[in-house]
Novice: 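If you scroll down you'll find the structure; I have some questions about it.
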Amino acid sequence: MNHILEELRETGRATLYPGKTKISIGLATCGRAAGADRVYEAVCRFLAERSLDWTVTQVGCLGFCTKEPLVMVHVPGNPRFVYGPVNPDDVSQFLEFTLAGRVEGELLLGRIDEDYNLMLDEKVSLLDSGVQKDSRGDREGWEELPLLSEIPFYRRQVRVALRNCGLIDPFSLAEYVARGGYQALALVLKEMTPEDVVDLVFDSGLRGRGGAGFLTGRKWAAARSAPGPVKYLVCNADEGDPGAYMDRSILEGDPFSVLEGMTIGAYAIGAKEGYIYVRDEYPLAVATFQEAVRQAEGNGLLGENIFDTGFTFRVHLVRGAGAFVCGEETALLASIEGSRGEPRPRPPYPVEKGLWGRPTCINNVETWASVPPIVCRGPAWYRALCWSPRASAGTKVFSVVGQVKHTGLVEVPLGVTLSEIVHEIAGGPRGGVGIKAVQTGGPSGGCIPASMFHLPVDFETLTEAGSIMGSGGFVVMDEATCMVDIARYFLEFTLGESCGKCSTCREGLLQMHHLLEKITQGEGTVADLSTLRELAWLVREGSLCGLGKTAPNPVLSTLNHFRDEYLAHVREKRCPAGVCRALISFYIVQEECTGCQTCLEECLAGAISFHSDGYCLIDEEKCVKCGTCADVCPAGAVRCR
Amino acid sequence: MSDLKSDDLLKKSEANPAGVQGLSGEVSERLPGGAVLEALFSLQRREGYLSEEGLSYLSSQLGIPLSQIYGVATFYNAFSLVPRGRHQVCVCYGTACHVRGARSILERLERELGVKSGETTPDRKFSLHLVRCVGSCSLAPVVMVDGRVRGRLKVDQIPQLLIGYE
């Protein structure tokens with residue numbers, strides 16, 4: 001088995017460090033959304049025009065999404081420089097700099113002097129990697145430039161699940177192997193019994209990264225000991241929580257890590273067949289994973305007789321069809337079987353009776369991707385990664401989005417505080433107003449006020465704070481976000497996604513949504529607030545699955561932490577954040593208006609007129625309060641009251 | 001685009017899943033996992049929507065009652081039982097997009113296209129949809145047109161977004 005890996009490793013090293021100038025471009029969905037595909041084209045065009053023999057490669061997402069499109073330049077013998085945002089129109093100028101042996105200082109995010117191979121705990125220096133130096137010699141003075149690992153966005157990060165994202169070509173099994181990939185599987189198949197593997201994962205303290213935080217080792221042990229010859233393994237990639245996208249990023253940036261983790265899991269529990277259920281909204285993740293399966297099969301790392309050990313495991317991909325509830329495990333299984341994705345009561349749990357009634361072990365993408373490093377580095381290493389004295393172990397990936405300066409994916413040891421994530425890593429507020437809260441856990445979670453940002457992030461602490469860690473989506477909200485509107489937004493979401501099976505969820509959420517609509521319209525009463533609480537209790541107690549049980553959380557947490565905002569809506573008929581349209585009005589400050597009439601052109605209601613004295617006026621009767629005028633006004637003269 | 005591997009793969013995965021034809025004859029004890037969804041996707045790709053005749057055909061091919069197929073088809077957001085436009089404009093309504101002004105983006109699109117979300121323009125060029133999070137939250141607000149995501153949108157960039165579609 002070793003010679004397959006040795007060959008792949010050689011091939012991978014040769015493409016990772018080609019011995020000539022290499023340009024890597026982050027081409028995951030987020031990169032493309034920012035124009036990285038046009039950057040890629042422009043780079044190719046430039047190289048063709050100049051007949052330059054450089055390597056251009058695509059990589060996944062490096063996580064610093066706010067700076068997309070991200071481009072990395074590595075000239076042998078020099079650090080790898082990471083730049084962003086690189087505008088497609090600026091590519092020529094940017095490459096001219098590289099050609100002249102200079103560093104484009106304004107776009108530089110940082111330099112990388114060495115690649116860290118997490119699996120083998122080895123450092124590969126980029127400065128003296130044994131390759132011939134570029135003929136133009138060393139870049140001058142780069143020691144002065146910041147190291148990427150030391151800028152605030154990366155300083156606190158420990159990348160385990162994201163170890164390869166943004167660093168390797170996701171379509172190259174060889175590069176994955178060159179970074180220590182499949183070492184874990186080789187070790188498991190060669191030297192460990194399935195029971196050893198289950199014990200190891202149990203000892204590591206790994207808990208499911210998808211939301212519920214169930215101890216992975218315990219789930220595996222239950223699946224292993226469940227009776228019957230046929231067992232299934234499932235990867236839940238139905239990442240439905242709005243605001244969370246780490247699973248997409250892993251599938252698009254490092255699909256083999258998930259595949260290797262699943263194969264190790266299959267050996268441990270005794271499954272020969274596995275499924276991965278990916279959302280339809282992630283077409284690139286689907287395509288990338290399918291290619292990974294094909295390559296792994298082609299190299300004897302998946303399919304029959306893996307590594308010539310007689311162990312067989314196949315993986316099938318199922319595309320979801322746009323139903324949030326299918327992230328719930330029993331609904332997901334029903335969906336794979338070809339039924340409506342409706343949850344069923346548990347017990348029996350899927351580890352007892354899952355897919356087609358057989359024992360089934362379900363874990364999410366990030367969990368599977370964390371398995372190979374745990375095997376290679378050992379359970380003690382993984383446990384020690386975490387900073388929290390409480391039960392959690394390891395690291396967790398968070399997507400920090402919303403009203404912060406640096407949005408992106410960050411992987412940090414559990415136990416860092418919310419403040420460190422929001423203010424240090426993500427750079428604090430993005431607009432001119434302060435941060436009010438962070439919403440965690442999607443529609444099942446809640447809003448944690450800024451006054452509680454000293455809390456460490458782990459499963460228990462966030463639950464006690466009235467929210468949940470969930471899959472790791474952190475949506476940061478500032479003073480311009482209305483918490484009543486957020487509660488209404490989430491109920492609209494869960495109401496739309498409720499499968500309708502339980503009447504408490506179907507009807508209860510509808511009534512709660514009515515009340516919140518009423519409040520945001522300025523027609524609410526104080527009594528409505530207690531009715532909301534009663535209904536929340538009813539929905540939570542009376543619903544079968546996680547969707548209904550947790551759907552009231554956004555309402556309860558905002559009622560608890562932001563009651564004054566609710567009271568402003570019902571008593572004073574006022575929306576402090578200036579969001580609820582029935583309660584606000586827009587006006588233009590005459591002294592600040594430059595008379596450019598941009599607002600007048602953009603107003604869809606035709607509510608703006610031009611006064612002969614040289615300023616614009618809003619007709620409140622006609623205004624639909626969409627706020628477009630405020631968005632487009634170059635002088636910032638449009639205000640809201 | 002030049003030689004971007006992922007683009008080729010994206011096209012391939014669109015063009016050749018286990019289609020309706022591929023399924024006939026495979027009906028044994030049970031259908032393979034995901035077969036019903038894949039068949040519905042395939043039908044929708046071919047006809048642009050799920051027609052009654054198409055669903056009846058699937059029902060007979062897969063050996064599943066029409067009522068059950070109908071139940072599945074109406075359960076998921078990705079399927080449409082009415083004809084859709086040639087291009088799918090999906091406004092992301094995830095939390096990050098909501099916080100960063102997705103509502104204004106949607107209203108501007110509704111105005112440009114002259115239809116509400118869930119509707120199709122009379123010339124069948126565009127269908128407008130609300131979707132829940134396309135996972136590009138860091139670039140919010142985003143809109144996805146035919147699977148291609150555009151991020152960091154501003155309201156006045158919307159007309160430009162719709163140019164170049166036939």
Side-chain angles (χ1 to χ4, degrees), chain A residues 27 29-30 32-34 37 40-41 44 58 65-66 68 171 239-240 242-243 245 248 275 280-284 286-288 290-291 316 318-319 321-324 335-341 355-356 399 401-403 407-408 439 442 473 475 477 481 489 493 497 602 604 626-628 631-632, chain B residues 1-7 9-10 12-14 17 30-38 40-41 62 64 68 71-72 75-79 90 93-101 103-104 107-108 111 131-140 142 144 147-152 154-156:
Chain A
L27 275 162
T29 300
C30 43
R32 288 158 183 257
D37 42 359
Y40 185 90
E41 282 172 20
C44 291
Q58 65 171 315
C65 305
T66 208
E68 303 260 25
F171 296 98
E239 185 175 49
Y245 62 99
R248 172 185 67 68
Y275 285 87
D280 178 48
E281 290 87 341
Y282 290 174
L284 185 61
V286 169
T288 312
Q290 278 172 336
E291 173 63 13
H316 313 279
V318 176
R319 215 152 42 112
F324 174 70
S335 186
I336 293 179
E337 289 173 3
S339 310
R340 293 162 66 90
L355 208 50
W356 293 293
S399 53
V401 296
Q403 308 294 28
T407 54
Q439 204 282 338
V475 185
M477 295 163 177
T481 314
Y489 163 82
F493 183 99
E497 295 296 338
E602 291 294 330
L604 58 120
C626 64
T628 304
D631 291 341
V632 299
Chain B
M1 191 194 307
S2 29
D3 56 343
L4 203 49
K5 188 163 193 185
S6 50
D7 277 2
L9 287 166
L10 268 177
K12 245 189 261 170
S13 73
E14 278 295 305
R30 60 163 175 82
L31 290 163
V36 177
L37 291 181
E38 229 18 279
L40 287 168
F41 272 122
L62 298 171
I64 301 176
Q68 200 178 321
V72 174
F75 184 83
Y76 297 96
N77 294 329
F79 301 125
C90 303
Y93 230 63
T95 321
C97 289
H98 176 75
V99 170
R100 284 197 179 181
R103 184 156 73 164
S104 305
E107 283 169 349
R108 184 58 189 260
R111 178 187 167 204
V131 294
R132 297 301 188 178
C133 199
V134 298
S136 296
C137 317
S138 51
L139 301 176
V142 305
M144 184 161 80
R148 184 169 172 195
V149 180
R150 321 275 183 98
R152 294 184 192 130
K154 298 206 165 60
V155 174
D156 47 353

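Bear in mind that the values here come from a model prediction, so they are computed numbers and not experimental data. Here is how names work: the chains are called A, B, and so on, in the same order as the sequence lines, proteins then strands, and each is numbered from 1.
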Novice: Taking A:S335, A:G341, A:G338 one by one, which has the highest count of heavy-atom pairs under 4.5 Å against chain B?
Specialist: A:G341
Novice: Please flag which part of A:S399 lies under 4.5 Å from any non-hydrogen atom of chain B: side chain, backbone, both or neither.
Specialist: neither
Novice: Under 4.5 Å heavy-atom distance to chain B, tell me which part of A:F324 shows up: side chain, backbone, both or neither.
Specialist: neither
Novice: Please round to the nearest 0.5 Å and tell me the distance separating atom CE of A:M477 and atom CD of A:Q403.
Specialist: 9.0 Å
Novice: Taking B:R152's backbone N and O only, do any of them form a donor-acceptor pair with B:R100's side chain (distance below 3.5 Å, no angle check)?
Specialist: no
Novice: Just give me the residue among A:G627, A:G473, A:G402, A:A323 that pairs up with chain B most often, heavy atom to heavy atom, under 4.5 Å.
Specialist: A:G402
Novice: With respect to chain A, which residue among B:G34, B:S136, B:G33, B:A96 yields the maximal number of heavy-atom pairs within a distance under 4.5 Å?
Specialist: B:G33
Novice: If you tally heavy-atom pairs under 4.5 Å against chain B, which of A:A321, A:C65, A:P242 wins?
Specialist: A:A321
Novice: Using a cut-off of under 4.5 Å for heavy-atom pairs, which of B:V149, B:D156, B:V134, B:V142 has the most such pairs with chain A?
Specialist: B:V149
Novice: Ignoring hydrogens and geometry, is there a side-chain-to-backbone donor-acceptor pair from A:E239 to A:R248 under 3.5 Å?
Specialist: yes
Novice: Top residue by heavy-atom pair count (under 4.5 Å) with chain A, among B:R103, B:K154, B:Q68?
Specialist: B:R103
Novice: Picking from A:G240, A:G408, A:G442, A:S339, which has the most non-hydrogen pairs under 4.5 angstrom with chain B?
Specialist: A:S339
Novice: Which of the residues B:A78, B:A140, B:G135 is involved in the greatest number of heavy-atom pairs with chain A at under 4.5 angstrom?
Specialist: B:G135
Novice: Looking at chain A, which one of B:G151, B:G94, B:C137 has the largest number of heavy-atom pairs inside 4.5 Å, strictly under?
Specialist: B:C137
Novice: B:R111 versus chain A, heavy atoms under 4.5 Å apart: side chain, backbone, both or neither?
Specialist: side chain
Novice: Rounded to the nearest 0.5 Å, what separation is found between the CG atom of A:D631 and the CZ atom of B:R108?
Specialist: 11.5 Å
Novice: If only atom types and distance count, is the side chain of A:E281 paired as donor or acceptor with the main-chain N or O of A:G322 below 3.5 Å?
Specialist: no
Novice: Supply the atom-to-atom distance A:D37 CG to A:T29 OG1, rounded to the nearest 0.5 angstrom.
Specialist: 10.5 Å
Novice: Please state whether the side chain, the backbone, both or neither of B:V155 comes within less than 4.5 Å of a heavy atom of chain A.
Specialist: side chain
Novice: Taking side chain as C-beta onward, heavy atoms only, is B:R148 less than 4.5 Å from A:R32?
Specialist: no
Novice: Check whether any side-chain N or O of A:T407 sits under 3.5 Å from a backbone N or O of A:V401 as a donor-acceptor pair, and report yes or no.
Specialist: no
Novice: Main chain of B:T95, side chain of A:Y489: is a donor-acceptor contact present, judged purely on distance under 3.5 Å?
Specialist: yes
